[in-house]
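Data block below; observations after.
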Protein chains: 2
Amino acid sequence: MRQDSRLSRMLHVLIHMGHHDGALTSDMIAKMLDTNPVVIRRTMAGLREKGYVASEKGHGGGWTLSRPLSELTLLDIYRAVGEPSVFAVGPAYDMPGCVIEQGVNATLKDVFAEAEQLLLKRFAGVTLADIAPDFAPPAAKNEAEAKGCRSD
Amino acid sequence: MRQDSRLSRMLHVLIHMGHHDGALTSDMIAKMLDTNPVVIRRTMAGLREKGYVASEKGHGGGWTLSRPLSELTLLDIYRAVGEPSVFAVGPAYDMPGCVIEQGVNATLKDVFAEAEQLLLKRFAGVTLADIAPDFAPPAAKNEAEAKGCRSD
DNA sequence: ATTTCACGTAACTTATGTTGTTTCGAAACT
DNA sequence: AGTTTCGAAACAACATAAGTTACGTGAAAT
């Protein structure tokens with residue numbers, strides 16, 4: 001199954017924003033992630049609705065964080081990008097009127113629900129400041145950030 | 001994200017097979033699941049490779065269980081249908097040369113791995129005989145099985 | 001005031017993977 | 001021989017994330 005990378009990408013962007021002075025434009029972000037500015041705006045829109053980021057038009061405009069990385073959890077971002085379901089597998093339909101299918105669905109639902117709860121619980125316990133921990137001390141990869149994160 | 005229903009469907013089929021004398025043809029199974037016999041053969045092929053079911057051609061042929069439901073776990077079936085990844089979300093790429101992206105990927109990888117392990121552990125603990133538990137005692141839904149599980 | 005920058009949005013295309021369908025061949029029973 | 005049933009290839013249908021193009025809006029710089 002194809003994997004949805006919106007969560008991963010937004011985390012990447014937000015942490016960069018947290019270590020960057022001033023606004024980042026959609027174009028800059030798109031280059032960082034090797035994609036298109038429209039894709040960025042589309043995904044960032046969810047974060048803006050939640051109040052995690054703000055966007056400004058015109059000269060000097062772009063995207064800025066509305067709160068520090070330490071006050072944003074993985075769960076916040078996960079919800080903001082609006083993932084419909086964490087799992088790529090699941091029941092076929094719900095309730096086709098067969099006892100066996102109902103049993104199968106009930107069992108799978110339980111197991112998946114438990115795994116999802118664990119996942120969300122872990123998400124809630126990790127702030128964006130916790131990711132990429134050894135960032136402040138040295139200076140080697142501040143260059144990397146400055147050059148836009150792509151290797152080319 | 002569209003969900004992969006192969007696991008769910010195969011569980012459904014296998015449990016039916018466990019409560020059925022004689023072989024079930026792909027056509028019968030397809031009608032049960034309201035789908036196509038070719039889809040059934042395609043998915044059952046994975047189970048046959050693992051030795052969980054056997055297929056016979058010609059008159060009186062079809063699919064039969066090679067071992068009792070109590071000796072098949074959700075994990076067995078999950079692996080047999082060859083799910084590549086349980087999750088619909090995941091990292092964008094692996095290792096694009098950016099410290100932040102690496103941190104994001106590492107964090108997500110950890111969290112997802114933990115949830116997957118829990119999932120697989122639960123899968124391993126449930127046999128197909130454990131699903132649809134109240135099957136033997138009464139008789140009401142043996143009719144349902146007899147009529148092929150679909151309501152139409 | 002005009003130009004330029006940058007987001008906002010709609011519409012369309014592309015890519016990928018499951019599912020659905022058709023078709024032909026092979027094997028086995030009647 | 002004829003019918004049943006699986007095996008496998010090939011192709012269409014469908015859904016969704018991602019990529020792309022195009023045009024509009026608002027804000028700052030000149």
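Numbers restart at 1 for each chain; the letters A, B, ... are given by sequence-line order, proteins then strands. Given the structure is predicted, the values throughout are model-derived calculations rather than measurements.
- Of all heavy-atom pairs spanning B:Leu14 and B:Leu65, the tightest one is CD2-CD2, 3.6 Å.
- Distance check, rounded to the nearest 0.5 Å: CE of B:Met17 to CE of B:Met44 gives 4.5 Å.
- Between B:Ser66 and B:Gly51, the shortest heavy-atom contact is CB-O, 3.3 Å.
- In this structure, CG of A:Asn36 is placed 16 Å from P of C:dA6, rounded to the nearest angstrom.
- The CD1 atom of A:Ile40 sits 13 Å away from the P atom of C:dG8 (whole-angstrom rounding).
- Remark: A:Ser55 is in phosphate contact with C:dG8, judged by side-chain N or O atoms under 4.0 Å from OP1 or OP2.
- Both A:Pro37 and B:Val38 lie close to DNA chain D; mapped to their nearest nucleotides by heavy-atom distance, the more 5′-ward contact belongs to B:Val38.
- Between the CZ atom of A:Arg41 and the P atom of C:dC5 there is a distance of 14 Å, given to the nearest Å.
- One interatomic measurement links the two molecules: CG of A:Leu7 to C1' of D:dA17, which rounds to 14 Å at whole-angstrom precision.
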Practice problem: Tell me, with the steps shown, if A:Leu128 and A:Thr73 meet side-chain contact (heavy atoms from CB on, under 4.5 Å). | Solution: CA-CA 6 Å; A:Leu128 300 210; A:Thr73 67; over 6 Å; no

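- Residue A:Arg42 places a side-chain atom within donor-acceptor reach of the base of D:dT20, judged by atom type and a 3.5 Å distance cut-off alone.
- Taking atom CD of A:Glu49 as the reference point, atom P of C:dT9 lies 9 Å away to the nearest angstrom.
- Closest approach of B:Pro37 and B:Asp27 over heavy atoms only: CG-OD1, 3.8 Å.
- Checked against D:dG19, C:dG8, D:dA22, the side chain of A:Trp63 finds its nearest nucleotide in C:dG8.
- Nucleotide D:dT4 holds its P atom 14 Å from the CE atom of B:Met28, rounded to whole Å.
- In this structure, B:Tyr78 and B:Phe123 have tilted ring planes: the angle between them lies in the 30° to 60° band.
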Self-check item: Per-nucleotide protein contact string for nucleotides 24-30 of chain C, where B marks a base within reach and S marks sugar-phosphate only (heavy atoms under 4.0 Å, - for neither)
Solution: ---SBB-

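- A sub-4.0 Å separation between OP1 or OP2 of C:dT19 and a side-chain N or O of B:Ser5 is present.
- B:Leu33 places its CG atom 15 Å from the C1' atom of C:dT18, with the value rounded to the nearest Å.
- Nearest nucleotide to the A:Thr25 side chain, out of C:dT19, C:dA11, C:dA6: C:dA6.
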Quiz item: Can you list the steps and then say if A:Thr64 with A:Val53 is a side-chain contact (heavy atoms from CB on, under 4.5 Å)?
Solution: CA-CA 6 Å; A:Thr64 46; A:Val53 298; over 6 Å; no

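- The distance between atom NZ of B:Lys31 and atom P of C:dT21, rounded to the nearest whole Å, is 12 Å.
- Taking the side chain of B:Arg6 as heavy atoms from C-beta on, and the options C:dT18, C:dT9, D:dA17, the nearest nucleotide is C:dT18.
- Checking the phosphate oxygens (OP1, OP2) of C:dG20, a side-chain nitrogen or oxygen of B:Thr35 falls inside 4.0 Å.
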